[in-house]
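Just so we're clear, the structure is a prediction, and the values are computed from it rather than from any experiment.
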Amino acid sequence: MTNHKIILASNSPRRKELLKGLDIDFEVRVIFDIDESYPEDTATVDIPCFIARKKAEAYRKSISPGELIITADTVVVLDDRIIEKPADRKDAIQMIKRLSGRKHQVITAVVLMTAEKRKEFSVTSTVDFAPLTDDEIVYYVDHYHPFDKAGAYGIQEWIGYIGVRGIEGSFYNVMGLPVQRLYQELKKF
């Protein structure tokens with residue numbers, strides 16, 4: 001498939017699980033505290049690409065010949081605004097209340113980079129949440145602690161089972177890595 005040693009530049013357990021599902025040998029390499037800020041005038045749809053590119057650039061000096069780095073960034077967008085990871089329990093509950101009964105977009109950008117070249121792409125999926133009761137939202141937050149997830153939810157968890165009435169696009173993209181598209185891009189790389 002590729003003549004490169006694949007490096008997943010992510011500490012996300014979901015991204016590791018998804019990449020493992022492609023039956024591709026890879027190792028994980030993590031640089032902590034990469035600046036994920038972006039200029040305020042960046043268009044919402046461009047933010048994940050901007051951040052994934054910054055992550056890739058942080059690895060540039062550590063890439064050895066024959067290595068291919070994969071970086072990614074996922075954002076949840078509602079009403080053209082980014083919904084970040086929640087700061088705490090109260091914030092998570094408020095985020096899910098805003099998503100309840102509405103459609104939102106999940107955009108994941110991926111950068112593939114070697115010492116010689118770089119390829120980037122993004123995938124957008126639309127998620128339609130059914131209306132959720134306050135009790136359902138509190139139950140989810142208290143039992144699943146979604147504080148490390150953009151939008152305060154994991155579609156693969158209980159909230160996805162009971163709350164997601166539909167998805168347009170890739171389910172795996174909503175989890176954090178559009179593996180079908182990634183596979184195609186790795187074959188072309």
Side-chain angles (χ1 to χ4, degrees), residues 8-12 14-15 18-19 30-61 63 68-88 91-114 116-129 146-156 159-160 163-186 188-189:
L8 176 62
S10 175
N11 203 32
S12 164
R14 288 163 298 285
R15 288 195 179 116
L18 291 169
L19 189 56
V30 179
I31 297 174
F32 293 97
D33 299 323
I34 295 174
D35 174 25
E36 295 187 21
S37 64
Y38 49 87
E40 286 185 31
D41 63 344
T42 306
T44 304
V45 298
D46 296 333
I47 290 170
C49 280
F50 185 89
I51 295 171
R53 212 176 300 125
K54 276 180 94 170
K55 290 177 180 179
E57 287 303 318
Y59 287 85
R60 182 171 290 287
K61 291 179 184 172
I63 298 174
L68 185 151
I69 296 278
I70 300 172
T71 61
D73 190 69
T74 301
V75 297
V76 173
V77 180
L78 179 67
D79 298 329
D80 199 38
R81 293 184 63 204
I82 301 284
I83 299 181
E84 306 280 349
K85 295 175 184 173
D88 54 27
D91 196 26
I93 290 168
Q94 289 305 313
M95 285 180 179
I96 298 171
K97 282 184 178 184
R98 290 198 336 253
L99 296 172
S100 175
R102 303 190 60 203
K103 290 183 179 182
H104 63 275
Q105 288 69 47
V106 177
I107 306 168
T108 301
V110 178
V111 174
L112 308 176
M113 189 171 74
T114 64
E116 301 82 31
K117 94 182 192 185
R118 183 177 80 193
K119 166 76 176 170
E120 61 185 63
F121 62 91
S122 67
V123 174
T124 301
S125 301
T126 299
V127 179
D128 182 11
F129 260 104
F147 308 117
D148 66 335
K149 296 172 176 68
Y153 78 93
I155 196 166
Q156 71 280 8
I159 196 96
V164 174
R165 26 179 196 210
I167 301 172
E168 296 170 35
S170 168
F171 172 83
Y172 298 110
N173 180 53
V174 181
M175 282 181 66
L177 194 63
V179 287
Q180 188 278 334
R181 176 77 183 272
L182 174 59
Y183 181 78
Q184 297 304 318
E185 295 295 341
L186 284 169
K188 290 190 274 184
F189 200 81

TODO: For T114, enumerate each residue passing the side-chain hydrogen bond (donor to acceptor under 3.5 Å, both in side chains) test, keeping only those at least two apart in sequence or located in another chain.
DONE: E116
Acceptor/donor pairs from residues 167-175 side chains to any protein atom, 3.5 angstrom cut, sequence neighbours excluded:
{"from": "S170", "atom 1": "OG", "to": "Y172", "atom 2": "N", "distance (Å)": "3.2"}
{"from": "S170", "atom 1": "OG", "to": "N173", "atom 2": "N", "distance (Å)": "3.0"}
{"from": "N173", "atom 1": "OD1", "to": "T108", "atom 2": "OG1", "distance (Å)": "2.8"}
{"from": "N173", "atom 1": "ND2", "to": "V106", "atom 2": "O", "distance (Å)": "3.1"}
{"from": "N173", "atom 1": "ND2", "to": "V123", "atom 2": "O", "distance (Å)": "3.2"}
{"from": "N173", "atom 1": "ND2", "to": "S125", "atom 2": "OG", "distance (Å)": "3.0"}

Task: By side-chain contact (heavy atoms from CB on, under 4.5 Å) - contacts of T124 (at least two apart) - done: Q105, I107
TODO: For D148, check side-chain hydrogen bond (donor to acceptor under 3.5 Å, both in side chains) against everything at least two apart and list the hits.
DONE: R14
TODO: Could you tell me which residues satisfy salt bridge (charged side-chain N to carboxylate O under 4.0 Å, His left out) with R118, sequence neighbours excluded, listed by chain and number?
DONE: E57, E120
Open item on the list: Enumerate the salt bridge (charged side-chain N to carboxylate O under 4.0 Å, His left out) contacts for residues 38-50, please, sequence neighbours excluded, ordered by first and then second residue.
Closed with: none
Open item on the list: Taking side-chain hydrogen bond (donor to acceptor under 3.5 Å, both in side chains) as the definition, give me every residue that meets it alongside D80, ordered by chain and number, with sequence neighbours left out.
Closed with: T44
Task: Residues that K61 engages under side-chain contact (heavy atoms from CB on, under 4.5 Å), provided they are two or more places apart - done: none
- [ ] Taking all non-hydrogen atoms of both residues into account, name the closest pair between A58 and I34 and its distance.
- [x] CB-CD1, 3.7 Å
Task: Check: I82 and Y38 side chains under 4.5 Å, non-hydrogen atoms - done: yes
- [ ] Only counting residues at least two apart or in another chain, list the ones meeting side-chain hydrogen bond (donor to acceptor under 3.5 Å, both in side chains) with D128.
- [x] R165
- [ ] Give a yes or no answer on whether the side chain of K54 reaches the backbone of S37 with a donor-acceptor pair at less than 3.5 Å.
- [x] yes
- [ ] Would you check if K55 and D73 make a side-chain contact, meaning some heavy-atom pair closer than 4.5 Å?
- [x] yes
Open item on the list: Applying ring pair (Phe, Tyr, Trp, His ring centres under 6.0 Å), can you list everything that pairs with F129, at least two apart in sequence or on another chain?
Closed with: H104, Y153
- [ ] Apply salt bridge (charged side-chain N to carboxylate O under 4.0 Å, His left out) to R181 and list each qualifying residue two or more places apart in sequence or on a separate chain.
- [x] E185
Task: Evaluation steps, side-chain contact (heavy atoms from CB on, under 4.5 Å), between L8 and R15 - done: CA-CA 8 Å; L8 176 62; R15 288 195 179 116; 4.3 Å; yes
Task: Results of salt bridge (charged side-chain N to carboxylate O under 4.0 Å, His left out) for D79 - residues two or more places apart only - done: R102
